[in-house]
Structures are given as C-alpha cells and as structure tokens.
There are 2 protein chains.
Amino acid sequence: MAKQTPRYHAIADDLRNQIDRGALAPGQKLPTEEELTTHYEVSRNTVRLALGRLTEEGLLVSAQGRGSFVRERFEPAVWNWSVLESRSRHEANHDAGDQWASQIAGNGQTPHQEVKVSIRRPPADVARQLNLDAAAALTVVRERVRYVDREPYALADSYFPEALVRDTPLMLPEDVSAPGGVLASAGLVQVRFSDEITVRMPTRDEIERLVLPASTPVAVHMRTGYDKDGQPLRVMITTLPGDRHVIRYDVSAD
Amino acid sequence: MAKQTPRYHAIADDLRNQIDRGALAPGQKLPTEEELTTHYEVSRNTVRLALGRLTEEGLLVSAQGRGSFVRERFEPAVWNWSVLESRSRHEANHDAGDQWASQIAGNGQTPHQEVKVSIRRPPADVARQLNLDAAAALTVVRERVRYVDREPYALADSYFPEALVRDTPLMLPEDVSAPGGVLASAGLVQVRFSDEITVRMPTRDEIERLVLPASTPVAVHMRTGYDKDGQPLRVMITTLPGDRHVIRYDVSAD
DNA sequence: TATCATTTGTTCGTATGTATT
DNA sequence: AAATACATACGAACAAATGAT
C-alpha cells in the first residue's frame with residue numbers, strides 16, 4: 001500500500017504550482033477559503049492547513065477580513081560588509097553619520113535610526129568575543145533600530161567593554177557612528193574585523209520590532225572589531241530580516 | 001476594551017518560557033497533547049495550534065507516534081569564506097580534494113559528497129553574474145550534495161560558462177575541487193570573488209534533499225569568481241541550513 | 001457615522017489514519 | 001497484537017478585522 005499524500009499537501013502543491021507558473025501573481029488575492037473549500041471539496045480546516053503550509057514557506061500572507069495574497073518580494077538592500085566600515089572610504093566620503101546611512105541615502109531612500117544606550121552585563125557570546133568575564137564584566141550597549149523610509153529594516157546592537165569607553169562621548173545617546181566617530185576619537189582604532197553570520201527564525205520580540213511577516217527568517221551578523229594589538233574593542237550584532245537584505249563581501253583569492 | 005490574546009498564544013508563551021528557563025531542556029519530551037489538553041483545559045486543536053507556533057519558531061520538533069520534543073541544537077560547522085579557496089592556503093596544505101573537505105576532516109569528522117554534472121541553460125541570476133545571455137548561453141553545472149558523517153550538510157552547485165570549460169576534465173563527474181583543481185589546470189585562475197548571501201525559507205525540494213526539520217531557514221551563498229582581467233569564470237551557489245552552519249569572514253578595516 | 005456582509009482567526013467536538021513502542 | 005501519540009479530516013460556531021452600504 002503506497003503511502004498516500006494528505007489532501008492538504010496536494011492542495012498546497014496545486015496552489016504552489018499556480019504561484020510558480022505565475023497563474024497567481026505576487027500581490028494577487030487568492031480565492032476565499034470558502035471558495036477553495038467548494039473547489040477542492042474539502043472542509044475549511046483542510047483548506048487552512050494547505051494555506052498554512054504555503055505561508056510557512058513564505059509564499060503567502062493573509063489578513064483577517066481581507067483575504068490571502070501571494071507574497072510580494074521587494075527589492076532588497078545590499079550591504080557590502082567588506083567596505084562598510086573601512087577607514088579610507090570613510091575619510092574619502094567625509095561621512096558625518098555612518099556609512100550605512102550614506103549607502104541608503106545614496107540610493108535615494110531616507111534612513112534614520114533610534115538609539116538607546118545602557119550599561120549591562122553582556123550575553124555569553126558577546127563576552128566570549130570581548131574576552132570578558134560574563135558574570136562580572138560590564139559593557140556599554142548601544143541598541144539601534146534602523147529605518148529606511150520609515151520602515152524598520154534592521155536591529156543593530158553594539159557592545160563595548162565598559163572599562164574601555166568610560167568617560168567617552170559614547171555614553172551619550174546621540175546618533176554617533178562607530179569607526180570615524182567616537183571610538184576613534186577616544187583613541188580606539190579598529191584595524192580588522194571578524195564576522196560571523198548565522199541564520200535562524202526570529203524571536204517574538206524581533207517579529208514585533210521589525211514588523212516581520214510570517215515565516216521571515218533573519219540573518220544574525222556578529223562583527224567583532226580588533227585594534228592593532230589584537231584586542232577586541234567592540235561587538236556589533238546586526239539582525240537582518242531575510243526578505244529585505246543581501247549581505248555582500250568582496251574577497252581576494254590570494 | 002483590551003484586545004485579548006488568543007488562548008493558544010498564551011499556551012505557547014507559557015511553554016516557551018519553560019524552554020527559556022530550562023524547565024524544559026533540549027531533547028526533553030513534552031507532555032502529550034492529551035495531557036496538555038487537560039492541563040490547560042482546552043481542546044486538542046488549540047493545543048496543536050500552540051505547539052505549531054513553537055514549531056514555527058524552531059523551538060520544537062514532533063514525531064508521529066513518539067511525541068513532541070524541545071529541539072536540540074548541535075554544534076554548527078564554521079565555514080571561513082575568506083580563506084576557503086585561497087591559493088596560498090591551498091598550496092601550503094597540499095590539498096588533494098577541496099578545502100571544505102579538509103576543514104571537516106581536520107575537525108575529526110568524515111566528509112563526502114555526491115556529484116552530478118550536466119549542461120544546462122543557467123538560471124537568470126547566474127546568467128547575470130556570468131555576463132551570459134540567459135536565453136541562449138549554456139553552462140556546465142556541477143551539483144553537489146555535501147555530507148558530514150553521512151548527514152547532508154549543504155548543497156553546492158557550480159556553474160561554468162560552457163564555452164570556457166569545453167574539453168576540460170571538468171565535464172567528468174568526478175570529485176574534483178575548484179581552485180587548485182581542474183579550473184586552474186585549464187588555465188582559468190580566479191583571483192577574486194564577489195559573495196552575496198541571502199536568507200530565505202527552503203523549498204520543498206531542499207527540505208527533502210537536506211532532510212531539514214520544520215522551520216529551518218537556509219542561507220544561500222552565491223560566490224562569483226573572476227580572473228585577473230575581471231572576467232567571471234564561475235558561480236557557486238551553496239545552500240546552507242541555518243541550524244548547522246556559521247558563515248565567517250575576516251575583514252581588514254583599511 | 002453606523003450598520004452589515006464578507007473574510008480570516010479562534011475554538012470547540014469528534015472520528016479515523018499512521019507511526020512508534 | 002495492542003496501546004500510545006501524533007497526523008489528518010470532518011463539521012460547527014463565534015470573534016475580530018475589513019470594506020462597502
């Protein structure tokens with residue numbers, strides 16, 4: 001006896017094919033659950049299971065009272081992390097703010113960000129990167145929400161060892177950029193970075209703060225900056241929704 | 001009138017708290033749906049909605065006939081793309097195979113891969129990277145499934161312009177590595193790479209081929225290799241499940 | 001503005017299928 | 001073979017958000 005595929009899998013497959021073929025175009029409204037119920041001759045529950053499956057795949061979005069729609073993909077922003085904090089570029093461009101804002105503005109869009117500064121014990125992975133004792137050490141934390149055209153685009157949290165940045169303007173909750181800004185003016189120059197990128201589903205908190213549609217994974221980009229002696233100066237953790245970002249690197253093959 | 005949260009949200013929140021606190025440890029079995037039904041005094045349907053919510057967040061896995069379990073995270077493999085195909089490292093290590101296999105083997109694990117070679121019209125994004133006419137041009141495609149200790153770990157598909165690699169050993173379906181291998185022996189030397197990383201939910205096909213648990217997003221890593229004249233020689237698209245990979249880069253701040 | 005029809009969201013109950021122990 | 005536990009599927013009702021009247 002061949003293991004037969006569940007009805008709602010078959011229905012999902014059928015609808016997915018229509019989406020792939022373009023018979024259902026991005027932004028287009030699907031038939032109502034009632035209509036699908038009669039068309040496939042199944043219960044509404046089964047229709048909802050099929051729609052849920054496609055929603056999990058990131059192909060659909062639904063709205064109470066309106067309907068279900070084929071998900072629209074918008075043009076992702078490209079972040080080139082090979083040059084994002086380079087000193088030469090920074091000087092050449094005379095950037096007042098940070099290079100992220102410059103990249104966005106240069107693209108004809110309007111960036112802005114909200115900043116919150118606090119002093120806290122670092123999470124374990126940050127403490128490890130900064131060679132700090134997670135139980136005892138303190139870090140200055142700058143939590144930013146970055147917006148493009150009023151839409152939240154990314155979370156960017158920076159951690160500095162408290163002992164390093166004590167009595168610097170970094171404690172002030174202004175819109176201060178990192179490399180050419182306060183960190184450098186305090187004599188702390190990052191000469192290299194170590195970046196680690198992981199991929200996971202967002203937390204409930206991240207879903208709310210970034211207004212994420214269902215089934216939108218995030219890339220977590222952790223950048224550790226080191227000075228010329230190899231001492232870690234800063235960890236920046238950027239949370240990038242998968243539907244609105246491309247991470248880019250230029251690499252030499254030497 | 002305060003908008004009240006649905007029962008199944010509250011139940012999911014309660015269980016999530018237990019997981020976060022460690023009251024429910026990774027790998028541990030949850031109470032059965034029947035037990036949760038009586039404990040929370042809701043229908044089994046509502047319990048399943050709550051469990052589904054946590055499954056979507058990547059916190060649970062369930063298995064028919066066995067139960068639901070707190071998802072276990074295993075140690076992810078770290079891929080350093082800054083050195084993964086560097087020529088100096090390749091020569092220094094006398095790698096016969098590719099550096100990926102070396103990195104895995106050096107970690108005490110057993111790598112192997114399945115390779116399939118074909119000649120096809122390239123997908124649009126690959127054609128664009130290779131400066132090819134998507135409608136007319138042909139590419140030699142090497143599709144690999146990479147395994148670590150018999151478990152599938154990543155998909156790696158390489159595309160070469162057919163005109164470039166005609167009559168080279170690259171057409172043979174052997175386990176050939178890229179930089180020190182066939183490509184270089186054919187006089188095609190990659191001197192720099194342009195990498196683009198995107199994040200999305202896997203397709204049904206990828207879920208099957210990589211045996212992905214529910215709600216496991218993937219990173220899609222697209223590397224384009226150029227020769228010294230700036231001509232693109234190869235596009236490699238690697239599909240990395242989020243639960244078993246860390247992508248790493250070392251960056252200079254000059 | 002207020003009401004009503006439409007449409008998805010939430011929740012109940014019940015039964016049967018299928019994989020595991 | 002039987003018991004257990006999750007998966008699939010039916011039917012029904014009300015809640016909440018939306019859009020049109």
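Source: prediction; values computed, not measured. To find a chain, count down the sequence lines: A is the first, B the second, and so on, and within it residues start at 1.
One atom, OH of Y40(A), and another, P of dT8(D), lie 18 Å apart when rounded to the nearest Å. To the nearest angstrom, C1' of dG13(C) lies 16 Å from CD of E41(B). The separation between E33(A) atom CD and dC14(D) atom P is 18 Å, rounded to whole Å. Rounded to whole angstrom, the span from the CD1 atom of I11(B) across to the P atom of dC12(C) amounts to 8 Å. Atom C1' of nucleotide dG13(C) and atom CD of E34(B) are separated by 13 Å, given to the nearest angstrom. If you measure from atom CZ of R7(B) to atom P of dA15(D), you get 17 Å, rounded to the nearest angstrom. Between the CD atom of E35(A) and the P atom of dT6(C) there is a distance of 12 Å, rounded to whole Å. Taking atom CG on N45(B) and atom P on dG13(C), their separation rounds to 10 Å, with Å as the unit.
Heavy atoms of T46(B) sit under 4.0 angstrom from primed sugar atoms or phosphate atoms, though from no base atom. Contact annotation for S62(A): backbone-only contact, meaning every heavy-atom pair under 4.0 Å involves sugar-phosphate atoms and none involves a base. At the heavy-atom level, R48(B) lies under 4.0 Å from base atoms of the strands shown.
Listed pair H9(A) / dA7(D) fails the phosphate criterion, with no side-chain N or O lying under 4.0 Å from OP1 or OP2. Between R44(B) and dC12(C), a side-chain N or O to OP1/OP2 separation shorter than 4.0 Å is absent.
Both G65(A) and K29(B) lie close to DNA chain D; mapped to their nearest nucleotides by heavy-atom distance, the more 5′-ward contact belongs to K29(B).
Here the nucleotide nearest the side chain of Q64(A), chosen from dT11(C), dT8(D), dA17(D), is dA17(D). Considering only the side chain of T32(A), dT7(C) comes nearest among dT7(C), dA13(D), dT8(D). Comparing atom distances between the V42(B) side chain and each of dC12(C), dG17(C), dT10(C) picks out dC12(C) as nearest.
Counting non-hydrogen atoms of neighbouring residues, nucleotides and ligands closer than 6.0 angstrom, the CZ atom of R150(A) reaches no more than 12 such neighbours. Dense packing is recorded around CD of Q28(B), with more than 12 heavy atoms of other residues, nucleotides or ligands lying under 6.0 Å away.
Side-chain N/O atoms of T216(B) and R71(B) include a donor and acceptor closer than 3.5 Å.
Note on ring orientation: taking the six-membered ring where Trp is involved, the planes of H221(B) and W81(B) are parallel (angle under 30°, cut-offs 30° and 60°).
The one candidate from H112(A), Q109(A), R146(A) that meets the side chain to side chain contact (heavy atoms under 4.5 Å, CB included) condition with I104(A) is Q109(A).
Pairing for dA1(D) is absent, judged as Watson-Crick or G-U wobble with the two contacts each under 3.5 Å.
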